[in-house]
Amino acid sequence: MTTRLVLVINCGSSSIKFALRKEGDSQPLLSGLAEQLDTPGANLSWQAGNEKHTEALSGQDHQSALASLLPVIGRFAGQPISAVGHRVVHGGEHFTGASLIDEQVMAAIEANAPLAPLHNPANLIGIRAARKVFQDIPQVAIFDTAFHQSMPPHAYRYALPDDLYAVHGVRRYGFHGTSHQYVTNQASRLTGQRPGQGAWLSAHLGNGCSSCAVFNGKSLDTSMGLTPLEGLVMGTRSGDVDPNLHAHLARTLGWDLPRIERLLNRESGLLGLSGLSNDMRQLEQARANGHSGAKLAIEVFCYRLARSLAGLAVALPHLDGLVFTGGIGENSPLIRALTLNHLGILGLSLDPDANSSLPRGLAGKIHAPGSPQILVIPTDEERQIAEESLVLLDHSHAKD
Ligand code: AMP
């Protein structure tokens, strides 16, 4: 059997991120971004090995941007692609895994749009465009929320009247599912267990941040909730605050909902605490230069992360280890060390040399002897999407 190819698409309202992946390969054959779509500044850039290319797409929409990719894909693929895998943010309770896209699936994604008003409609634009451009190729939806559908009710229910859940879907869903699934699966491999085995805590720390407890390949609890605002301190998102903050700000400052949403989603987190930046690299530099806001932001970030991980540990029967991933988790020895300073209660102990000398971009073990595993694993959501798309195709062919 030849090695199959999958085109992975992550579509935003004005952008399409794409990658052409070959089954089993760790690097994409081709990857790139079409951005500022539907505006005069629309442009497409891609990279394949050492070859890089940028072109103007002035005014083009999602569909014509994808169409202009066809010859490029043809050039690097050298064979027909087997599937198009779409990242979709919110699958609600409807989707517990990858789904072959048809009209019903698209209607269900649309029905979940109130839960992710910025993301699901944009994901659907990409799906509709790709179905027109890649007409004969199976299209698969992979949901950020699906991995967390294994959470038990005591983890996913809020202490609110039942109707809000039963009628209106108000519950904890969790996000970053593809990343938590990928890195904990890799953690099992790296530690000699069967893929998908073990009891892991996972910390995905990028611009968005979430933590997750995973046992034998299933998410048992996670820090994000109804929306990706709940939980950890993030780049510009507050994470957990007192739920009465909305009412307090409305009463005392007269703020309306859009103002409060902007505060919590765009002006808070590392940016709000530091008064300087949402970018951890910049904050680390400022901290080293004595900036008190940067120091505080980093301390709160690490303490709150440790508190979340320690809380999630109660979901697991024992602890095999902790995995760091995402731009910060993969690249910041400082954040890993400051977080682990608070996690002695779980028996986790860092090897400082291994932590500081781990080459960027590589997976590795950074724990001291006798500690549960502490691993750094670069996430690869596109690879996970490509692999899940192919597994789904295999299953649907087996049923035929
Ligand atoms: P992501 O959203 O996964 O791309 O992660 C973005 C975050 O990773 C930003 O806060 C970056 O500052 C942070 N980051 C990337 N490289 C480093 C680094 N070497 N040290 C600290 N933070 C980093």
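Each residue takes its place number in the sequence, starting with 1. First listed ligand is number 1; within each ligand, the first listed atom is number 1.
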K.L.:
Show the short N or O contacts, below 3.5 Å, that ligand 1 makes with protein N or O atoms; if there are none, say 'none'.
P.N.:
| residue | atom | partner | partner atom | Å |
| --- | --- | --- | --- | --- |
| ligand 1 | 2 (O) | Asn207 | N | 2.9 |
| ligand 1 | 3 (O) | Gly327 | N | 2.9 |
| ligand 1 | 8 (O) | Ile328 | N | 3.3 |
| ligand 1 | 10 (O) | Met280 | N | 3.0 |
| ligand 1 | 12 (O) | Asp279 | OD1 | 2.8 |
| ligand 1 | 12 (O) | Asp279 | OD2 | 3.3 |
| ligand 1 | 12 (O) | Met280 | N | 3.1 |
| ligand 1 | 12 (O) | Arg281 | N | 3.1 |

K.L.:
Whether the side chain of Thr325 engages the backbone of Ile377 through a donor-acceptor N/O pair (distance < 3.5 Å, no angle test) should be reported.
P.N.:
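A pair under 3.5 Å: yes.
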K.L.:
For Phe215 and His318, take the angle between the two ring planes, folded into 0 to 90°, and tell me which bin it lands in: parallel under 30, tilted 30 to 60, perpendicular over 60.
P.N.:
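Geometry flag for His318 against Phe215: perpendicular rings.
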K.L.:
Would you confirm whether His367, through its side chain, and Gly321, through its main-chain N or O, come within 3.5 Å as a donor-acceptor pair?
P.N.:
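Flag not set: sc His367 to bb Gly321 has no pair under 3.5 Å.
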K.L.:
Sequence neighbours left out, what passes side chain to side chain donor-acceptor pair (under 3.5 Å) with Asp221? Give chain and number order.
P.N.:
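Expected list: Arg172.
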K.L.:
Would you say Asn216's side chain and Gln197's backbone share a donor-acceptor pair under 3.5 angstrom?
P.N.:
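It does not hold such a pair.
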K.L.:
Quick one: does any side-chain atom of Ser308 pair with a main-chain N or O of Arg304 as donor and acceptor, under 3.5 Å?
P.N.:
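No; zero donor-acceptor contacts below 3.5 Å.
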